[in-house]
Q: 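My questions all concern the structure below.
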2 protein chains.
Amino acid sequence: MRRVTTRSKEATHERIVETAARAIRRSGYDGTSVADIMKEAGLTHGGFYAHFLSREAMLAEAADRAGAEAVALSTHIAATAPPDEALQCMVRAYLSKEHLENAEMGCPVAALGSEMPRQAPEVRKAATRRIKEMIDVIARQSPDWGQPGAHQQALVTAATMVGTMVMARAVDDPKLSDALLEAALDHLAPA
Amino acid sequence: MRRVTTRSKEATHERIVETAARAIRRSGYDGTSVADIMKEAGLTHGGFYAHFLSREAMLAEAADRAGAEAVALSTHIAATAPPDEALQCMVRAYLSKEHLENAEMGCPVAALGSEMPRQAPEVRKAATRRIKEMIDVIARQSPDWGQPGAHQQALVTAATMVGTMVMARAVDDPKLSDALLEAALDHLAPA
DNA sequence: AAACAAATATGATGATCATCATATGAGACG
DNA sequence: CGTCTCATATGATGATCATCATATTTGTTT
């Protein structure tokens, strides 16, 4: 097997992290092996440790990447929405069928939340930082941003969105999934 | 190693399921091996397949058991609370520090939610049934039980509780965990 | 007490895993 | 064109895993 073209080590590292950021959301931390990721990135398993100190270090980078992408997407949605509908647009994108069916590209908290408590400190640290960023993005869309209750309200909104998506993906009854999304939409972003 | 006393096969089966119901909430589906569970139940790994057709079949029983226990506990809390405070009592028990720190004995949706989409059909089926039961328990505590919006409201309440617990356990910052619990308590069970 | 049946233990198999040592081959530079 | 360096590949190691075949032990029956 021959390298198709010259690639700097950094570009390859980048590609592995990007691949891993998708793989962990699809298969979970425990369900993602080093060999899986390398193969999906078009490489063999052996070169892995030229790029990362350990599997855990790679998971930390992947989790950070997934979180950064989610924050960036939310920020973009808020920025391009009509000024008084930013929060509604974010909530509607989050609680959409596309997000339900595309965990691999979606919110890493919904995809990996219940696995987080068992992860290495470096993984949890990166995740916590991104979660705080996400909460801030939500808080900034509140009509009373800056007032005392806005941040508290953002915590509840974030938790409701995450819990709804986790439950809607967990159950095997599409009707219940729909009902969960609809109920949360009515609650968080009334028509 | 000698069995201490006579035990019927059914009692041993029971003990394995009970052990597994705790183990999966502590270590996740993927993080729990057959040998782990058998050792924790005081047995060796070899006898496992005298009790279960497969590892997956055992996980389904364990998930069902964990869900049944959670439903039973919630029902009990609601039944023994002052009549007009049943929902508040349930929410306060759920969003407590004891629950935060005792995933192994707590809500299986919060402990395993994001691993559910990848589980065997039998596991998801059992979990879905128990989740529906739990939503019904919540809906019954609503002041307007029976009216059209009560069930919808129960879906949102359940999702908010689950999401809050998942996030509070995920982050490595105890201040943020506290803030999440407090914000959801204020929202769902105001003092 | 001897023998049987059922429950559990011992041990093996082949697969998969993280990690590492070493080989190969491609681009850069003389 | 030849050589050197570095990114990646090949292959090995020891651990862990689910599953199963077989041995052992226990409680029971005679």
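Convention: sequence-line order gives letters A, B, ...; per-chain numbering from 1.
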Q: Any protein N or O atoms within reach of nucleotides 14-18 of chain C? Criterion: under 3.5 Å, listing atom names and distances.
A:
| unit_1 | atom_1 | unit_2 | atom_2 | d |
| --- | --- | --- | --- | --- |
| C:dA18 | OP1 | A:Val34 | N | 3.3 |
| C:dA18 | OP1 | A:Arg55 | NE | 2.8 |
| C:dA18 | OP2 | A:Val34 | N | 2.9 |

Q: Consider the side chain of B:Thr12, meaning its heavy atoms from C-beta on, and name the nucleotide among C:dA9, D:dA7, C:dT8 that approaches it most closely.
A: C:dT8

Q: According to ring pair (Phe, Tyr, Trp, His ring centres under 6.0 Å), who are the partners of B:Phe52, at least two apart in sequence or on a separate chain?
A: B:His13, B:Phe48

Q: Between P on D:dA9 and NZ on A:Lys39, what's the gap in Å once rounded to a whole number?
A: 13 Å

Q: Applying salt bridge (charged side-chain N to carboxylate O under 4.0 Å, His left out), which residue pairs with at least one partner in residues 177-187 of chain A are found, sequence neighbours left out?
A: A:Lys97-A:Asp178

Q: In chain order, what residues pass the ring pair (Phe, Tyr, Trp, His ring centres under 6.0 Å) check against B:Tyr94, with sequence neighbours excluded?
A: B:His99

Q: Describe the nucleic acid contact of B:His51 in one word from base, sugar-phosphate, nothing, applying a heavy-atom distance below 4.0 Å.
A: sugar-phosphate

Q: From the options A:Glu104, A:Glu69, A:Glu115, select the one residue that forms a salt bridge (charged side-chain N to carboxylate O under 4.0 Å, His left out) with A:Arg25.
A: A:Glu69

Q: Please enumerate all residues that pass ring pair (Phe, Tyr, Trp, His ring centres under 6.0 Å) together with A:His187, with sequence neighbours excluded.
A: B:His187

Q: Excluding sequence neighbours, so at least two apart, what forms salt bridge (Lys or Arg N to Asp or Glu O under 4.0 Å) with B:Lys132?
A: A:Asp173

Q: Roughly how many Å is it from CZ in A:Phe48 to P in D:dA9, rounded to a whole number?
A: 14 Å

Q: Taking only the side-chain heavy atoms of A:Leu43 (C-beta and beyond), determine which of C:dT8, D:dA9, D:dA7 contains the nearest atom.
A: D:dA9

Q: Please tell me if A:Ser8 has a side-chain N or O lying less than 4.0 Å from either OP1 or OP2 of D:dA7.
A: no

Q: Find the distance A:Met38:CE to D:dT10:P and express it as a whole number of Å.
A: 12 Å

